[in-house]
Structures are given as C-alpha cells and as structure tokens.
Amino acid sequence: MFLQIEKCGLNCYRIPRQGEMKVEARVYLNEFLYENYLEEESLEQLCDAASLPGVYRYVIGMPDIHSGYGLPIGGVMAMEVPDGLISAGAVGMDINCGVRLLRTNIGVQDLDKKDLEKLLREIAARVPTGIGKTSKHQADLGRHFAEIVESGFPVLLELGYARPEDRRFVEEEGFFPGANLSKVSNKARKRGNQLSTIGGGNHFIELGEVAEIFDRENAALFGLTRGSLSVLIHTGSRGFGHQICVDYSSIMEKSAKRYGLKLPSRGLAAVPIESPEGKDYFAAMSAAINFAFANRQIITHDVREAFGAYFDCRDTELDLGVVYDVAHNIAKFEEVEGRELLIHRKGATRALPPQHRGNPSAYRSSGHPVFIPGSMGTSSYIIVATPKVVETFYSVNHGAGRVMSRREARRQFDVEMLREQLGPIVFYGDRERNILDEAPQAYKDIDAVVDTLAEIGIIKKVARLSPLAVVKGGKGGRRGRR
DNA sequence: ATGTAC
C-alpha cells in the first residue's frame with residue numbers, strides 16, 4: 001500500500017481514508033520522531049485497523065508507535081457499541097500489562113550503592129524475574145486462584161497481600177467484574193502459577209529518585225517529594241494472559257469467517273462485540289486483567305516486605321503507598337463525548353482529565369497520574385492529562401517505544417555497551433547478554449516521546465524519576481549481578 | 001510479551 005500522510009497540526013499527522021479504510025488514521029509525532037523513527041509498517045497496521053467494520057472516528061498512533069502483531073504497539077482503536085468488533089490481537093499478548101508506582105519517605109541521599117544492592121537483593125529474593133518463573137506463594141495463591149481472578153481485591157486483602165486503601169489507587173479499582181474462569185482454557189489456567197512474578201522483556205522493578213518536579217501542586221497531591229526514593233513496578237498477566245490471547249486469536253480467526261468478516265491481517269482477527277465468542281473473550285480477558293492487577297498487588301506486598309526486612313521496621317513506616325496503577329494493554333467499555341465505545345489500547349495508557357468521574361476521589365481535581373517509563377537506564381515520567389486528551393479517547397503513550405526488534409538489538413549490541421550505558425545504576429537479574437534486547441539504544445528517546453504530547457497540551461509533566469537500581473529478568477540463564 | 005512447538 002502506498003500511504004498518503006499529511007500534517008494536521010502541531011505534532012500530528014493524518015492518513016486520509018483510502019482503500020478499505022472506514023475511517024482515517026492519525027499519529028502523534030514531533031518532527032524528530034517523524035524524521036527518525038516513523039516506519040511504514042506501523043502506519044499500515046493503523047490503516048488495517050481503520051478498515052475494520054464498526055471502527056470509530058479514527059485509529060490513533062501514539063508517539064511511541066512501533067509495529068506489532070495486528071495493531072501496532074502505541075495503537076488505540078475505538079469500536080462502536082454494540083455494532084463494532086472486539087479483537088484479542090488489538091489488546092496484545094500481555095493483557096493488562098501495566099505500571100504501578102510506590103512512593104517512599106526515604107531520602108536517596110541516605111542510600112549508597114551498597115544499600116541499593118542489598119535492597120535489590122531483598123526484593124529479588126521475594127519476586128521471581130525472567131521468562132517462565134513461577135510464584136513463591138503458590139501454596140497460598142493456588143488455592144484461591146479462581147477467587148482472585150474472578151473477585152479480585154477482597155481475597156488479596158484477606159490473605160494479607162494488600163492494605164485496605166491500595167485498591168482506591170488502581171485503575172478501575174483493580175477489578176473487572178465480568179471475569180469468568182470457565183472461559184479460560186486449561187492450558188492458560190496451568191500458567192496461572194506465574195502469579196506474583198515479574199517476567200522478562202521490558203518488565204522490571206526499578207528503584208528511582210524523584211529527581212525533578214515540574215508541577216508542584218500535583219506532585220504534592222501524589223505524595224511525591226524531590227529527592228525521595230520511588231519504586232516502579234512494570235509487569236502484566238504473564239503466561240496466563242499470553243495463553244488467553246493466543247487461544248482467542250485463533251478462535252476469532254475461525255469465527256470471523258462465519259460472521260462474513262474480511263480480516264485485514266491475522267493479528268487483527270476480530271468478532272462482533274455481542275457475539276458468543278466476543279463475550280467469551282471479554283470474560284477471559286477480564287480474568288487476565290484481574291490477574292495482572294493482582295500480580296502487581298502481590299509484588300507490591302513482596303516489595304514492602306523486602307523494604308521492611310532491609311530497614312528493619314514495619315513497611316508502613318516507610319510509606320510505600322500506591323501512587324497509582326495504570327494498564328496499557330487492555331480493552332474497556334468507556335464513554336467518550338456521551339458515546340459508549342469499546343476502546344482497545346495496545347501499548348497505550350488510559351489518562352483521564354481533571355474532574356472526570358473515573359478518577360479516584362483523591363485525584364479528582366488533578367486527574368490520575370500516568371507513568372511513562374523510559375528504557376532501562378533512562379528517566380521515567382509522571383504526567384497528568386488535560387481536557388484536550390478527549391481527542392485521543394483519553395489515551396496517552398505508554399513508554400519510549402522500540403526502534404528495533406529484540407532480535408536486531410541482540411545482534412547489534414554487546415555487554416560492554418550495556419554496562420557503559422547503565423553506569424552507576426545497580427542492576428540485579430539475568431546476565432547482561434540475556435537482556436541486550438532491552439538496551440536503551442533499542443528504544444526511542446523518552447524525552448522526545450513525552451514532549452510530543454506535552455507540546456500540544458494533551459499532557460502535563462508532573463515529575464521525572466531517575467533510575468538508581470533495577471531488577472530485571474531475561475530469557476533465562478544463570479543469575480548474575482552488577 | 002511468551003515454558004520462541006502439536
């Protein structure tokens with residue numbers, strides 16, 4: 001396909017309807033990102049999504065866009081309800097992959113490299129990292145698995161994995177009510193033993209410093225003080241959600257034919273929202289969503305215990321409260337300008353503006369915070385959305401975005417380079433050679449990506465986190481440390 | 001992203 005692309009405002013481009021497209025596509029990029037990182041393939045994927053029946057207004061590419069399976073990462077596709085489609089591939093493999101931030105009252109000036117190393121070891125001793133790792137709490141969690149994924153928070157509270165106030169600071173209060181484990185394959189259920197693990201790829205637990213405050217009022221509201229230690233947790237639904245995506249992609253591909261749907265690509269296999277297969281996927285996806293919220297919650301508990309052990313005190317004395325928890329691979333029914341839509345976000349984060357009812361009451365005046373992690377070794381940002389965010393259906397980018405495939409990164413980079421890039425940042429996890437695909441050079445410049453939406457007033461920066469120490473797993477192999 | 005295979 002030869003694509004026409006035209007500028008439609010500051011940091012915004014549009015691809016007019018052409019071929020099979022039902023609506024146009026638009027992508028948010030500043031000049032730097034447009035010149036350096038724009039790939040034809042990811043634009044074609046936006047256009048493919050724009051050709052699905054029922055798609056609403058336009059399909060959106062975020063500044064961190066890069067090609068994925070079906071919808072690109074950094075893609076937002078809204079479907080009309082009830083006549084639109086639902087697509088497992090447009091949510092992605094890691095259902096409810098997301099980011100949670102914990103604050104502390106610990107000043108980073110009180111911690112030296114040795115402290116950080118020890119703290120990291122306490123965390124790593126409790127939270128497994130790397131592909132295929134299984135839970136350390138399996139005896140406990142296995143018994144309550146159905147309840148955790150179908151009923152969510154109360155059982156976690158009962159089991160001692162949560163503080164009562166935690167759930168108020170999670171998107172959707174950490175719970176999708178329609179979850180139904182009977183719509184989840186046995187194969188996926190077996191992989192449920194990965195609950196309370198980080199996984200591999202871009203997942204991590206990072207200790208950082210609140211290094212810069214841009215918005216004093218909102219930073220104070222979020223309990224963030226300059227110079228304090230923060231904990232960023234990035235993980236999702238592990239093998240459980242992955243298997244659900246694989247299972248339903250295949251179901252959807254077969255069923256689409258029966259519904260007479262012409263699919264633009266296998267990765268965009270989709271069925272009507274109201275069809276039995278569509279409803280079943282939503283119920284199974286909801287289980288994976290609850291799984292991932294529970295995953296980040298139990299890891300929060302493990303991190304609190306690690307801090308308590310290292311500082312030899314009760315974890316509540318160190319604060320370690322949840323600032324917020326956002327999902328970035330998810331499909332949700334949401335209202336935009338009075339219209340109900342099924343919004344698919346794949347590598348895109350929901351971001352509600354100030355005064356929106358979906359905000360937790362504590363954040364009603366500011367809008368909830370959104371966390372945009374950079375790559376390993378670079379800064380992460382805390383932002384809030386402005387009322388203008390309605391034009392992206394309440395969505396912002398989720399990270400820096402890859403500039404090359406994992407395979408290409410492993411080919412191009414070496415361990416020396418990664419060590420140099422990490423500099424003084426303490427690392428614990430797989431050997432460096434197992435995480436070369438996560439080298440910062442494999443990602444876009446986080447500042448350019450965050451600035452793209454900030455420059456046009458869709459988001460407002462609140463604070464910047466600078467990494468100090470990171471726990472991260474890779475493709476396996478022996479433990480190493482640096 | 002992911003026990004990189006039925």
Side-chain angles (χ1 to χ4, degrees), chain A residues 42 45 64-75 87-99 128-135 138 184-205 233-251 253-254 266-268 284-285 288-289 291-293 295-296 299 326-331 344-349 373 375-376 397-411 429-430 433-439 442-443 472-478:
Chain A
S42 57
Q45 291 177 337
D64 55 347
I65 189 170
H66 55 102
S67 62
Y69 177 65
L71 195 67
I73 322 296
S87 166
V91 170
M93 294 287 186
D94 191 3
I95 297 167
N96 191 7
C97 187
V99 187
T129 58
I131 286 188
K133 291 286 164 44
T134 54
S135 174
Q138 190 49 27
V184 174
S185 69
N186 284 327
K187 200 172 170 186
R189 285 190 225 189
K190 280 194 186 119
R191 296 175 75 173
N193 62 2
Q194 297 179 1
L195 183 57
S196 79
T197 64
I198 283 288
N202 60 8
H203 293 171
F204 60 78
I205 298 176
I233 299 165
H234 180 195
T235 185
S237 52
R238 310 283 289 105
F240 183 70
H242 181 270
Q243 191 62 49
I244 288 171
C245 178
V246 168
D247 292 342
Y248 277 93
S249 287
S250 138
I251 291 169
E253 196 183 344
K254 287 182 202 121
R266 288 186 78 177
L268 280 169
M285 177 194 69
I289 286 169
F291 179 107
F293 282 136
N295 195 25
R296 294 194 285 276
I299 290 168
V326 289
H328 54 229
N329 280 4
I330 200 162
H344 298 68
R345 297 192 181 92
K346 180 176 183 180
T349 308
S375 58
M376 115 185 248
N397 53 285
H398 85 308
R402 297 195 71 86
V403 296
M404 65 181 80
S405 68
R406 295 189 177 278
R407 184 201 185 114
E408 183 63 19
R410 281 194 288 268
R411 195 186 66 78
D430 265 354
R433 66 178 154 86
N434 286 331
I435 55 161
L436 287 176
D437 50 345
E438 282 294 306
Y443 284 88
K472 205 167 165 62
K475 323 192 302 129
R478 282 188 303 155

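Chain letters run A, B, ... following the sequence lines, proteins first, then strands; residues in each count from 1.
- Judged as a side chain to side chain contact (heavy atoms under 4.5 Å, CB included), and not counting sequence neighbours, the contacts of Leu268(A) are Asp48(A), Ala49(A), Leu52(A), Leu71(A), Ser87(A), Ala90(A), Pro264(A), Ser265(A).
- With sequence neighbours excluded, no residue forms a salt bridge (Lys or Arg N to Asp or Glu O under 4.0 Å) with Arg433(A).
- Counting non-hydrogen atoms under 4.0 angstrom, Gly92(A) reaches nothing in the nucleic acid.
- Note on Gly200(A): only backbone sugar-phosphate atoms sit closer than 4.0 angstrom, heavy atoms only; bases stay farther off.
- As a whole-Å value, the separation of Asn434(A) CG from dT2(B) P is 14 Å.
- In this structure, Ile73(A) atom CD1 and dT2(B) atom P are separated by 13 Å, rounded to whole Å.
- Atom CG of Asn186(A) is separated from atom C1' of dC6(B) by 17 Å (rounded to the nearest Å).
- Taking atom CD of Gln243(A) as the reference point, atom C1' of dT2(B) lies 9 Å away to the nearest angstrom.
- As a whole-Å value, the separation of Phe240(A) CZ from dT2(B) C1' is 15 Å.
- The NE2-P distance, from His234(A) to dT2(B), rounds to 9 Å in whole Å.
- When each of Lys187(A) and Thr235(A) is assigned the nucleotide of DNA chain B bearing its nearest heavy atom, the one mapping closer to the 5' terminus is Thr235(A).
- Looking at Arg410(A) and Glu438(A), no side-chain N of the basic residue comes within less than 4.0 Å of a carboxylate O on the acidic one, giving no salt bridge.
- Between His328(A) and His234(A), the two ring planes are perpendicular [angle over 60°; tilted spans 30° to 60°].
- Between Ile131(A) atom CD1 and dT4(B) atom C1' the separation is 8 Å, expressed in whole Å.
- Rounded to whole Å, the distance from CE on Met93(A) to C1' on dT2(B) is 8 Å.
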